Asker: 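Before I ask anything, here is the structure I am working with.
Here is how names work: the chains are called A, B, and so on, in the same order as the sequence lines, proteins then strands, and each is numbered from 1. Side-chain atoms are counted along with the backbone in the values below, which use heavy atoms only and exclude waters and symmetry mates. Computed from a predicted model, the values in this text were never measured in an experiment.
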There are 2 protein chains.
Amino acid sequence: MFQGEYTNNMDDKGRINIPAPFRDVLQKSYAEPIVIIARDPQNPCLRVYPQQEWKRLLAKVGARPSNDRIVQAFKRTVISSAQEYSPDKQGRVLIPQNLRDYAGVGKSTVFAGSLDTFEIWDANAWDTQLASSLALLQNQDLDF
Amino acid sequence: MFQGEYTNNMDDKGRINIPAPFRDVLQKSYAEPIVIIARDPQNPCLRVYPQQEWKRLLAKVGARPSNDRIVQAFKRTVISSAQEYSPDKQGRVLIPQNLRDYAGVGKSTVFAGSLDTFEIWDANAWDTQLASSLALLQNQDLDF
DNA sequence: ATAAATTACCCACAATTACCCACTATGCGC
DNA sequence: GCGCATAGTGGGTAATTGTGGGTAATTTAT
């Protein structure tokens with residue numbers, strides 16, 4: 001389970017270090033360092049999947065009629081952008097330019113755990129998102 | 001059951017000592033010193049869960065539709081911030097910077113029992129919160 | 001085919017964190 | 001009041017994690 005929030009810097013070459021706790025989860029729960037990075041269709045961030053979770057997603061999409069407009073849009077935005085990456089010896093991955101642009105990631109980036117997957121945000125975008133999420137929850141009657 | 005209010009100091013490295021009575025509860029009722037620390041979405045404080053209680057919360061969240069806006073906001077604020085910690089030999093945990101910022105904790109911090117969980121407050125924030133909680137109760141017709 | 005650019009791989013340093021030990025303060029029993 | 005036990009605090013050291021950068025390999029363009 002990916003949990004926790006970590007801030008790491010992208011270097012000049014476009015590489016970012018996957019936080020060690022996340023690498024541990026990949027190693028222990030999935031026995032593979034390989035991840036799939038794709039656009040998140042509903043937020044200006046990237047979503048990172050362990051191979052297994054990605055396959056599960058593909059299976060779900062495959063179960064839907066392929067002429068469905070939503071499915072088509074999903075394929076175009078998410079699946080087309082997805083690529084496999086294996087981290088280098090230091091645990092870093094190179095984020096390609098198109099994905100960097102999509103999420104607007106600058107130097108300071110935030111990794112946010114989201115259980116089966118985790119997200120990569122530009123630090124500023126994360127802050128504003130966090131503020132609005134908190135505002136939304138403020139007057140809610142949460143039963144958990 | 002976590003009860004009572006204790007004041008402890010955070011040291012320069014960002015570590016705070018979990019009060020001994022709380023450590024006892026963790027040991028006796030949960031048989032595990034490990035805790036999960038996360039943002040409290042509705043108050044400027046951190047909430048500390050024994051592993052079991054955290055799992056219970058995750059189960060509740062998982063039972064809700066994941067496209068629910070509230071659920072999403074909850075994941076971003078609470079789950080993404082959550083981290084597991086096992087106290088060091090002296091019973092201390094290191095609070096990461098982002099959580100320290102969120103709760104605005106300075107040197108003097110308050111631990112407040114909250115039955116299944118407990119809270120960590122900045123001492124000043126705790127005082128003001130306490131005052132307004134008391135004010136709220138002032139003219140209530142309490143049947144307990 | 002050659003040159004330029006990009007990417008992968010490796011090494012080294014810096015910063016942070018985990019772990020351990022020692023000291024101080026406080027409460028409790030005698 | 002004195003000593004003992006427990007709780008809380010401070011700090012040093014070693015290991016881990018994060019960051020920067022060089023060089024070789026690969027790809028792309030000319």
Side-chain angles (χ1 to χ4, degrees), chain A residues 2-28 32-37 48 81-101 105-113 118 120-123 126, chain B residues 2-28 32-37 48 81-101 105-113 118 120-123 126:
Chain A
F2 299 103
Q3 291 178 4
E5 186 190 315
Y6 305 89
T7 304
N8 279 22
N9 292 325
M10 172 176 284
D11 67 19
D12 293 342
K13 295 183 182 179
R15 298 175 297 186
I16 33 180
N17 202 331
I18 296 176
F22 288 1
R23 293 200 307 255
D24 283 351
V25 174
L26 286 170
Q27 198 55 50
K28 288 189 185 135
E32 282 229 316
I34 300 172
V35 294
I36 286 90
I37 306 180
V48 185
S81 69
Q83 271 180 261
E84 278 195 12
Y85 297 95
S86 42
D88 70 11
K89 222 175 186 179
Q90 280 75 244
R92 288 176 295 192
V93 291
L94 180 78
I95 307 288
Q97 192 62 51
N98 58 339
L99 293 186
R100 261 183 270 172
D101 291 345
V105 287
K107 189 169 168 57
S108 183
T109 63
V110 172
F111 287 78
F118 59 90
I120 302 177
W121 288 77
D122 174 69
W126 173 257
Chain B
F2 300 102
Q3 291 178 5
E5 184 190 319
Y6 305 89
T7 304
N8 279 16
N9 291 326
M10 172 176 285
D11 67 19
D12 292 343
K13 293 186 182 177
R15 298 175 297 187
I16 33 178
N17 202 330
I18 296 176
F22 288 0
R23 294 202 305 256
D24 284 351
V25 174
L26 285 170
Q27 198 54 52
K28 290 189 183 135
E32 282 229 317
I34 300 172
V35 293
I36 285 90
I37 307 181
V48 186
S81 71
Q83 276 181 258
E84 279 195 22
Y85 297 97
S86 40
D88 69 10
K89 226 175 184 178
Q90 282 75 245
R92 289 176 295 192
V93 291
L94 179 79
I95 308 288
Q97 191 63 52
N98 57 342
L99 293 186
R100 262 183 269 171
D101 291 345
V105 288
K107 190 169 167 58
S108 183
T109 63
V110 172
F111 288 78
F118 58 91
I120 302 177
W121 287 78
D122 174 69
W126 173 255

Asker: Decide yes or no, distance alone: a donor-acceptor N/O pair under 3.5 angstrom between the base of C:dC21 and the side-chain of B:Q90.
Answerer: yes
Asker: Rounded to whole angstrom units, what separation is found between the OH atom of B:Y6 and the P atom of D:dG8?
Answerer: 9 Å
Asker: Please tell me which of the listed nucleotides, D:dT19, C:dC20, D:dT9, lies nearest to the side chain of B:D88?
Answerer: C:dC20
Asker: Examine the base of D:dG18 for any acceptor or donor lying under 3.5 Å from a partner atom in the side chain of A:R15, and report the outcome as yes or no.
Answerer: no
Asker: What nucleotide among D:dG8, D:dG18, D:dG20 has an atom nearest to a side-chain atom of B:A20?
Answerer: D:dG8
Asker: Taking the side chain of B:K13 as heavy atoms from C-beta outward, which of D:dG20, D:dG11, C:dC9 is closest to it?
Answerer: D:dG11
Asker: Rounded to whole Å, please give me the gap between CG in B:D11 and P in D:dG11.
Answerer: 9 Å
Asker: Considering only C:dC21, C:dC10, C:dA18, which nucleotide approaches the side chain of B:R92 most closely?
Answerer: C:dC21
Asker: Is it the case that atom CG in A:D12 sees more than 12 heavy atoms from other parts of the structure closer than 6.0 Å?
Answerer: no
Asker: Tell me whether the rings of B:Y6 and B:F22 are parallel (<30°), tilted (30 to 60°) or perpendicular (>60°).
Answerer: perpendicular
Asker: Quick check: on DNA chain C, is the nucleotide nearest A:L94 upstream (toward 5') of the one nearest A:K89, or the reverse? Name the residue that is more 5'.
Answerer: A:L94
Asker: Rounded to whole Å, please give me the gap between CD in A:Q97 and P in C:dA5.
Answerer: 16 Å
Asker: Using atom CG of B:N17 as one end and atom P of C:dA25 as the other, report the distance to the nearest whole Å.
Answerer: 16 Å
Asker: Quick one: closest heavy-atom pair of B:T7 and B:V110, and the distance?
Answerer: OG1-CG2, 4.0 Å
Asker: Search all heavy atoms of A:A82 against all heavy atoms of A:I36 and return the closest pair with its distance.
Answerer: CB-CG2, 3.7 Å
Asker: Mapping A:T7 and B:N8 to their closest nucleotides on DNA chain D, which lands nearer the 5' end?
Answerer: B:N8
Asker: C:dT7 P sits how many Å from A:E84 CD, rounded?
Answerer: 18 Å
Asker: Given D:dG8, is OP1 or OP2 found less than 4.0 Å from the side-chain N or O atoms of B:R23?
Answerer: yes
Asker: Using a 4.0 Å heavy-atom cut-off, does A:I16 contact any base of the nucleic acid, only the sugar-phosphate backbone, or nothing at all?
Answerer: nothing
Asker: Roughly, in whole Å, what's the span from CD1 in B:I18 to C1' in D:dG8?
Answerer: 13 Å
